[in-house]
Amino acid sequence: MPTIGLLGYPISHSFSKPYFHEKFKRLKLYDFEFKLFEFSQIEDFTSQLKKEKSLIGFSVTSPHKINILRLLDKIDSAAEAIGAVNCVKVVRNENNSQLIGYNTDTYGFRQSIKPFLEPHHQPALIIGTGGAARAVEYSLRQIGVDVFFLTRDKTRFTNSNKYFEYNEITPEIINHFKLIINTSPAEMTGNSQNFPLLPFSGISAQHFCYDLIYQPEKTIFLQKCAEQGAMVMNGLDMLYAQAEKAWEIWNSFT
């Protein structure tokens, strides 16, 4: 029975299991199985992985998009450049198996955002610096958008000044960045108070504000941006696109 799955913590909120169950039914793939691998520590997943003899691939979500790298045998060039993986293909032969890492977040984000981008939607401000933020940065740079970050952890930027800390952000700075992407998963925890504390008065009708979260459908961040007249979008279209790209990778013969 071929198996695919999702690795992350927590993942009870994930759309992946019902999405792929529906896909199995639609394609009449009754011998496929989908599993959730909910581990807070990546080392605990290693022993589980050895037991999953029918696993052909799995998606990776927070908090493991970066630390999964140390379990991989190979990584494709885009994922290597990003420094984060959200899709793993398991390649087996008679003697062993290999884990190959990809990043389908880049494809999903690019597909979802490109139809809505206007020339004035730059530079971009990315909120957060985790694995999802790296994929968004890579995608935007690929299509010629300059990128800055809003972060509480400036240690990543020892060789760059393209970041702001929260205590530096003013309405004028927010107004300068007409494309703002929130990559923090904080609101997915169910705590509606965990949204980026921005001076939202700097948001205007020229802004495009994007939140990678898809549950709730409209986060507090998006609500506050919409109240200022901004165009807003959640991460559902991105999720669909990256899931289909992952499915393509898992079922390829390479």
How many angstroms lie between atom [atom1] of [X] and atom [atom2] of [Y], to the nearest 0.5 angstrom?
| X | Y | atom1 | atom2 | value |
| --- | --- | --- | --- | --- |
| Leu7 | Ser16 | CG | OG | 11.5 Å |
| Phe15 | Leu236 | CZ | CG | 7.0 Å |
| Ile174 | Leu198 | CD1 | CG | 4.5 Å |
| Asn175 | Ser201 | CG | OG | 9.0 Å |
| Leu179 | Met231 | CG | CE | 8.5 Å |
| Lys178 | Leu125 | NZ | CG | 12.0 Å |

All pairs passing ring pair (Phe, Tyr, Trp, His ring centres under 6.0 Å) where residues 54-86 contributes a residue, at least two apart: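 Those involving residues 54-86 are Phe45-Phe58.
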
Quick check: do [X] and [Y] have side-chain heavy atoms less than 4.5 Å from each other?
| X | Y | answer |
| --- | --- | --- |
| Ile75 | Ile100 | no |
| Ser59 | Phe37 | no |
| Glu172 | Pro199 | no |
| Leu6 | Val60 | no |
| Ile249 | Lys89 | yes |
| Ile11 | Thr61 | yes |
| Lys74 | Gln98 | yes |
| Ile203 | Cys209 | yes |

Evaluation steps, side chain to side chain contact (heavy atoms under 4.5 Å, CB included), between His176 and Ile173: CA-CA 5 Å; His176 177 68; Ile173 290 174; 5.6 Å; no

Shared ILVMFWY cluster between [X] and [Y], side chains joined below 4.5 angstrom?
| X | Y | answer |
| --- | --- | --- |
| Ile68 | Leu55 | yes |
| Phe221 | Val232 | yes |
| Tyr240 | Ile4 | yes |
| Val88 | Leu71 | yes |
| Leu36 | Ile42 | no |

How close do [X] and [Y] get, heavy atom to heavy atom, and via which atoms?
| X | Y | answer |
| --- | --- | --- |
| Ala79 | Gly101 | CB-O, 4.2 Å |
| Leu212 | Ala132 | CD2-CB, 3.7 Å |
| Ala124 | Leu140 | CB-CD1, 3.8 Å |
| Glu165 | Tyr163 | CG-CE1, 4.1 Å |
| Ser97 | Val90 | CB-CG1, 4.3 Å |

Salt bridge (charged side-chain N to carboxylate O under 4.0 Å, His left out) between Lys23 and Glu244, intermediate numbers included: CA-CA 10 Å; Lys23 189 174 187 67; Glu244 289 303 314; 2.9 Å; yes

Pair Asn182-Asp211, side-chain hydrogen bond (donor to acceptor under 3.5 Å, both in side chains): steps then yes or no: CA-CA 5 Å; Asn182 179 37; Asp211 199 323; 3.2 Å; yes

Pairwise salt bridge (Lys or Arg N to Asp or Glu O under 4.0 Å) hits with a residue in residues 3-22, at least two apart: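 As it turns out, there is no salt bridge (Lys or Arg N to Asp or Glu O under 4.0 Å) pair with a partner in residues 3-22 once direct neighbours are skipped.
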
Summary of salt bridge (Lys or Arg N to Asp or Glu O under 4.0 Å) pairs that have at least one residue in residues 138-148, sequence neighbours excluded: Glu137-Arg141, Arg141-Asp146, Asp146-Lys162

With sequence neighbours left out, what residues match [X] under ring pair (Phe, Tyr, Trp, His ring centres under 6.0 Å)?
| X | answer |
| --- | --- |
| Phe34 | Phe20 |
| Tyr9 | none |
| His121 | Phe208 |
| Tyr166 | none |

Leu72/Val85 under side chain to side chain contact (heavy atoms under 4.5 Å, CB included): CA gap, chis, key distance, verdict: CA-CA 10 Å; Leu72 303 178; Val85 159; 3.9 Å; yes

Ring pair (Phe, Tyr, Trp, His ring centres under 6.0 Å) assessment of Phe148 paired with Phe177: CA-CA 9 Å; Phe148 287 72; Phe177 292 96; 5.4 Å; yes

Residue pairs fulfilling side-chain hydrogen bond (donor to acceptor under 3.5 Å, both in side chains) with at least one residue in residues 39-49, sequence neighbours excluded: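 Of all non-adjacent pairs touching residues 39-49, those that pass side-chain hydrogen bond (donor to acceptor under 3.5 Å, both in side chains) are Glu43-Arg70, Gln48-Glu52.
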
Report, one line per pair, each donor and acceptor closer than 3.5 Å where one atom sits in a side chain of residues 103-116; sequence neighbours left out.
residue: Asn103; atom: OD1; partner: Asp105; partner atom: N; Å: 3.0
residue: Asn103; atom: OD1; partner: Thr106; partner atom: N; Å: 3.2
residue: Asn103; atom: ND2; partner: Ala84; partner atom: O; Å: 2.9
residue: Thr104; atom: OG1; partner: Asn86; partner atom: OD1; Å: 3.4
residue: Thr104; atom: OG1; partner: Asn86; partner atom: ND2; Å: 3.0
residue: Thr104; atom: OG1; partner: Gln242; partner atom: O; Å: 3.3
residue: Thr104; atom: OG1; partner: Gln242; partner atom: OE1; Å: 3.0
residue: Asp105; atom: OD1; partner: Asn86; partner atom: ND2; Å: 3.1
residue: Asp105; atom: OD2; partner: Lys65; partner atom: NZ; Å: 2.6
residue: Thr106; atom: OG1; partner: Asn103; partner atom: O; Å: 3.1
residue: Ser112; atom: OG; partner: Gly108; partner atom: O; Å: 3.3
residue: Ser112; atom: OG; partner: Phe109; partner atom: O; Å: 2.9
residue: Ser112; atom: OG; partner: Tyr210; partner atom: OH; Å: 2.8

Side chain to side chain donor-acceptor pair (under 3.5 Å) involving Ser204 - partner list, sequence neighbours excluded: His207

Intermediate values then yes/no, ring pair (Phe, Tyr, Trp, His ring centres under 6.0 Å), Phe32 and Trp250: CA-CA 12 Å; Phe32 270 70; Trp250 296 329; 9.7 Å; no

Donor-acceptor pair, side chain of Lys218 and main chain of Gln215, under 3.5 angstrom: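 Answer holds: no.
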
Results of salt bridge (charged side-chain N to carboxylate O under 4.0 Å, His left out) for Lys224 - residues two or more places apart only: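 Per chain and number, Lys224 pairs via salt bridge (charged side-chain N to carboxylate O under 4.0 Å, His left out) with no residue.
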
Arg152 atom CZ, neighbour heavy-atom count above 12 within 6.0 Å: no

Option among Val136, Ile127, Ile213 that satisfies the side chain to side chain contact (heavy atoms under 4.5 Å, CB included) test with Thr183: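 Of the listed residues Val136, Ile127, Ile213, the side chain to side chain contact (heavy atoms under 4.5 Å, CB included) partner of Thr183 is Val136.
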
Hydrophobic cluster partners of Tyr138 (side-chain heavy atoms under 4.5 Å):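 Other cluster members: Ile82.
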
